[in-house]
Amino acid sequence: MVDGLTLGIDFGTSAVKVVALHGDGTVAAHASSGYETFKPAPDRAEQEPEDWWRALSTAAASVMAEIDPASVIAAGLSGQLNGIVLIDADGAALGRSLIWLDQRCGDEVAELERSHAETLATKVSSPTSPIAVLPKLQWLARHEPARMQRARHVFQVKDYILWRLTGAVATDANEASATLMMNLASRQWDAALVTLSGLSPGHFSPIRASTEIVGRVTAEASAATGLPRGLGVVPGSGDTGALGVGCGAFAAGTAAVTLGTAGHIVASVPNQPPALVPGLWRMAHVTPDRELWLGLIPAGGLSIAWLRNLGTGFAGRPFGFDDLERLLEATEPGSGAAVFLPFLEGAGTPWNDPSRFAAFAGLNVTHGAGHLVRAVYEGVAFNIRACLESFEVAGVSLEQVHLAEGGAQSPAWCQIIADVLDREVRVVAERDTSATGAAILARASAEPADLAAVVERSVRIARVNKPNPAVRDRIDLSWKRFREEAGRTN
C-alpha cells in the first residue's frame with residue numbers, strides 16, 4: 001500500500017464534500033460547503049458555476065488546514081450527473097448551469113422517444129428522461145439559440161471543476177454515459193447522437209480513464225483553494241460510479257443504496273448486449289470491463305427534508321432529525337395502514353414517470369403525526385424494495401446490500417429498510433461515499449494493486465441491521481398497499 005493521503009472532491013446537489021482518505025479507508029479530514037439551487041419555475045433547477053468554485057475553496061481550505069499538504073499524493077473528482085455548463089470562446093460560463101433536477105425539456109424527450117427510440121435503445125440502453133443532457137441541450141437550442149451559438153465547450157459539473165483546477169479538458173465514461181450521447185459499447189461520444197443536440201463531438205470533453213492523472217493543480221487554483229500546486233488530479237467519476245466504489249458496489253453481488261437528496265441504488269454488472277432494462281439506467285462503470293446499473297428515487301432523502309420543513313412550519317421552531325426519530329420510535333411498523341408515495345420530484349425506478357406526484361393514501365381520523373412520519377420513511381424504503389426487485393427481474397443476483405450517506409445516519413430508518421427488504425443491511429462507515437469513492441479512484445492512480453483490491457481494503461462497514469421477523473406480516477401488508485397505490489396514475 002502506498003503511503004500518503006488522497007483527496008476526494010464530490011459536487012452533490014446541494015454541497016461540495018471534500019475528504020482526505022488514508023489507504024485503509026479511514027478519513028483524516030473532511031469538510032463541506034453548500035450552494036444554492038435556483039428554481040425560477042416549478043420545472044426548472046439551476047446553479048451558478050462560480051458558487052461551486054467558491055464552495056470548493058471554502059471546503060478544501062478547511063481540509064488542508066487539518067492535514068500535512070505534503071502527505072497528499074493525488075486527488076479525484078465526483079459530481080452530480082447531467083448538470084451542464086456552457087463555456088464561451090473567452091472561457092466564461094454562459095449563464096447558470098441546468099442541473100439534473102431541471103425538468104423543462106419534456107417536449108424534447110417526447111420527440112426523442114417518437115423519432116429516435118430504437119437508436120437510443122441500441123446505443124445508450126437507458127431510458128430517455130428530462131434528467132439527461134441531450135434533451136436539455138435540445139431545449140436550449142430551441143429556446144435560447146443565441147446562448148447555444150456562443151458555446152465553444154460543454155462541461156458537466158465535476159469536469160468544469162477539473163478544468164478550473166488544472167486546465168485539463170477531460171471527462172470519464174460513467175459521466176458521459178448518462179448524457180444519452182455516449183455509445184455504451186464503444187465508450188466514446190456517438191457523433192449521430194451528439195448531432196441531435198445541435199452541437200458537435202468537439203464541444204465535449206475527451207473520455208479518459210477514471211484513474212488516470214489528466215492534469216495538475218495550477219498556481220492560480222492552488223492560491224484560490226489551498227490545494228497543493230502540482231497535485232495530480234484524476235477525472236474520477238460521476239456520482240453514481242464514485243458512490244459505487246465508495247460503497248463497495250464494484251464486485252458483483254453487492255447493491256449500494258445511498259440516500260442523499262436523491263436515492264441511488266446501484267450494482268455492478270458484467271458488460272451486456274444492447275437493450276433497455278425496464279425501470280433501470282445502464283451506465284458505464286469506472287473500469288471498462290463492467291457496467292453500473294442504477295435505480296433512482298428522485299426524492300429519497302429529499303422526502304425527509306420536506307418532512308422537516310413541514311414540522312418547522314407546524315411547530316414554529318426548527319424541526320430536527322431527533323424529533324423525527326422520536327415519532328418513528330413511538331409508532332408501530334406499518335404506519336397504521338397509511339401509505340406515502342415518495343414522488344415529490346416525480347417517480348423514478350421502476351415507473352420512470354417525471355409527471356407523477358407524491359401522495360398519502362389510506363388516511364383516516366385515527367392517524368396522527370407519527371403515522372405520517374413513519375409512512376414517509378417506509379414509503380422511501382418500499383421504493384428501494386421496488387428498485388431491488390427490478391434488478392432481480394433483470395437477472396442481477398444480489399447477495400448483500402450496503403447503505404450509506406444521509407439516510408444511514410438514522411438508526412430507525414436503517415432498521416425500517418432492513419425490515420422492508422427482509423434482509424441484512426450493512427451500513428458503510430463513511431458517510432460521503434461519492435467523495436470517498438473519488439479518493440479511492442485517486443489512490444488507484446498511484447497503487448500497484450488493482451482497483452478491486454483497493455476498493456475491498458478501503459470500504460469499511462460500521463454496523464449491520466438485521467430484519468425483525470416479528471414485524472414481517474405488517475410490513476408485507478404495507479408493501480402490498482404501497483404497490484397498489486403506486487400502480488395507480490395521478
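The first residue of the sequence shown is numbered 1, and numbering continues consecutively from there.
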- Task: Output, in order, the C-alpha distance, side-chain angles, deciding distance and verdict of side-chain contact (heavy atoms from CB on, under 4.5 Å) for Y377 and L307.
- Result: CA-CA 10 Å; Y377 279 81; L307 260 185; 4.1 Å; yes

- Checking side-chain contact (heavy atoms from CB on, under 4.5 Å) for the pair V286/D172: CA distance, chi angles, key distance, verdict? CA-CA 8 Å; V286 297; D172 71 285; 5.6 Å; no

- Report the C-alpha separation of E345 and R356 in whole Å, then their side-chain angles, then the decisive distance to 0.1 Å, and conclude whether the salt bridge (Lys or Arg N to Asp or Glu O under 4.0 Å) test is met. CA-CA 8 Å; E345 292 281 0; R356 293 290 300 275; over 6 Å; no

- For side chain to side chain donor-acceptor pair (under 3.5 Å), just list the numbers for Q80 and T13, CA-CA rounded to whole Å, side-chain angles, deciding distance to a tenth of an Å, and then say yes or no. CA-CA 6 Å; Q80 51 176 306; T13 305; 4.6 Å; no

- Task: Quick one: do T436 and D10 satisfy side-chain contact (heavy atoms from CB on, under 4.5 Å)? Show the steps, please.
- Result: CA-CA 9 Å; T436 56; D10 171 53; over 6 Å; no

- Message: Working note: R472 + D422, criterion salt bridge (Lys or Arg N to Asp or Glu O under 4.0 Å); need CA distance, chi angles, decisive distance, verdict.
- Response: CA-CA 8 Å; R472 184 175 297 139; D422 196 26; 3.2 Å; yes

- Can you check side-chain contact (heavy atoms from CB on, under 4.5 Å) on L259 and L403, steps first, answer last? CA-CA 8 Å; L259 292 166; L403 179 64; 4.1 Å; yes

- Can you list the steps and then say if D159 with R164 is a salt bridge (Lys or Arg N to Asp or Glu O under 4.0 Å)? CA-CA 9 Å; D159 301 325; R164 289 286 299 267; over 6 Å; no

- Steps toward side chain to side chain donor-acceptor pair (under 3.5 Å) verdict (T37, E46): CA-CA 6 Å; T37 297; E46 303 172 349; over 6 Å; no

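Expressed to the nearest 0.5 Å, how far CH2 of W351 lies from OG of S390 amounts to 8.0 Å. L328 CG to W413 CH2: the interatomic distance, rounded to the nearest 0.5 Å, is 9.5 Å. One distance of note links CZ of R44 with CD of Q103; it measures 12.5 Å at 0.5 Å rounding. Considering OG1 of T128 and CG of N352, their distance stands at 8.5 Å, rounded to 0.5 Å. Of the inter-residue distances, the one linking I475 atom CD1 with N468 atom CG reads 9.5 Å to the nearest 0.5 angstrom. The CG atom of D419 sits 11.0 Å away from atom SG of C414, with the distance rounded to the nearest 0.5 Å.
The pair D476-R481 does not count as a salt bridge, with every side-chain nitrogen at least 4.0 angstrom from each carboxylate oxygen. The existence of a salt bridge linking R423 and E399 is excluded, since no basic side-chain nitrogen approaches an acidic carboxylate oxygen closer than 4.0 Å. The pair K158-D239 does not meet the salt-bridge criterion, since no charged nitrogen lies less than 4.0 angstrom from a carboxylate oxygen. Ion pairing between D24 and R457 fails under the 4.0 Å rule for side-chain N and carboxylate O.
Ring geometry for F340 versus W306: interplanar angle under 30°, hence parallel rather than tilted (30 to 60°). Between H264 and W100, the ring planes are tilted. Angles from 30° to 60° get that label. Classification of the Y35-F11 ring pair by plane angle, with boundaries at 30° and 60°, yields parallel. Ring orientation note: the planes of H285 and F250 are nearly perpendicular, at an angle over 60° on the 30°/60° scale.
Judged as a salt bridge (Lys or Arg N to Asp or Glu O under 4.0 Å), and not counting sequence neighbours, E405 has no contacts.
Looking at D51 and Q47, their side chains never bring a donor and an acceptor atom within 3.5 Å of each other. E291 and W293 are linked by a side-chain donor-acceptor pair at a separation below 3.5 angstrom, with hydrogens and angles left out of the test.
For the pair S268 (side chain) and L292 (backbone), a donor-acceptor distance under 3.5 Å is absent. Side-chain atoms of E36 never come within 3.5 Å of backbone atoms of S14 as a donor-acceptor pair (strictly under, hydrogens ignored). Here the side chain of S410 pairs no donor or acceptor atom with the backbone of G407 at under 3.5 angstrom. Between the side chain of S335 and the main chain of A337, no donor-acceptor pair closer than 3.5 Å is present. At distances below 3.5 Å, at least one donor-acceptor pair connects side-chain atoms of S445 with backbone N or O atoms of A442. For D432 (side chain) and A435 (main-chain N/O), no donor-acceptor pair under 3.5 Å exists by modelled atom type. One N or O on the side chain of E378 and one on the backbone of G334 form a donor-acceptor pair closer than 3.5 Å. With D323 contributing its side chain and R308 its backbone, the two residues share no donor-acceptor pair below 3.5 Å. Here the side chain of T26 pairs no donor or acceptor atom with the backbone of H22 at under 3.5 angstrom. The closest donor-acceptor contact from the side chain of S126 to the backbone of R282 lies under 3.5 Å.
Nearest heavy-atom pair across A444 and T211 is CB-CG2, 3.7 Å. Looking at every heavy atom in both residues, A176 comes nearest to M182 through O-CB, 3.6 Å. L302 and L344 make their closest contact through O-CD1, 4.4 Å (heavy atoms, listed as atom of the first residue, atom of the second, distance). Heavy atoms only, all atoms of each residue included: I67 and A28 are closest at CG2-CB, 4.3 Å. Residues N82 and E175 approach most closely at N-OE2, 4.0 Å, considering heavy atoms. Across R208 and P235, no two heavy atoms sit closer than the pair CB-CG, 4.3 Å.
Counting heavy atoms from C-beta outward, V257 and I417 have side chains that stay 4.5 Å or more apart. Considering only heavy atoms from C-beta on, L294 stays 4.5 Å or farther from T349 through its side chain. When side chains are defined from C-beta on, L296 counts as touching I131, because their heavy atoms get closer than 4.5 Å. Considering only heavy atoms from C-beta on, L98 stays 4.5 Å or farther from V133 through its side chain. Using a 4.5 Å cut-off on side-chain heavy atoms (C-beta onward), H402 and V425 make no contact. Between L56 and V18, the closest side-chain pair of non-hydrogen atoms falls below 4.5 Å. You'll find the side chain of V214 stays beyond 4.5 Å of the side chain of V233, heavy atoms only. Using a 4.5 Å heavy-atom cutoff, the side chains of V420 and R385 are in contact.
Atom CZ of F321 has 12 or fewer neighbouring heavy atoms from other residues, nucleotides or ligands inside a 6.0 Å radius. More than 12 heavy atoms of other residues, nucleotides or ligands lie within 6.0 Å of NE2 in H371, so this atom counts as buried by the packing criterion. Q409 CD: more than 12 foreign heavy atoms inside a 6.0 Å radius. Within 6.0 Å of the NZ atom in K480, the count of heavy atoms belonging to other residues, nucleotides or ligands does not exceed 12.
The only member of S78, S237, S210 that meets side chain to side chain donor-acceptor pair (under 3.5 Å) when paired with N174 is S237.
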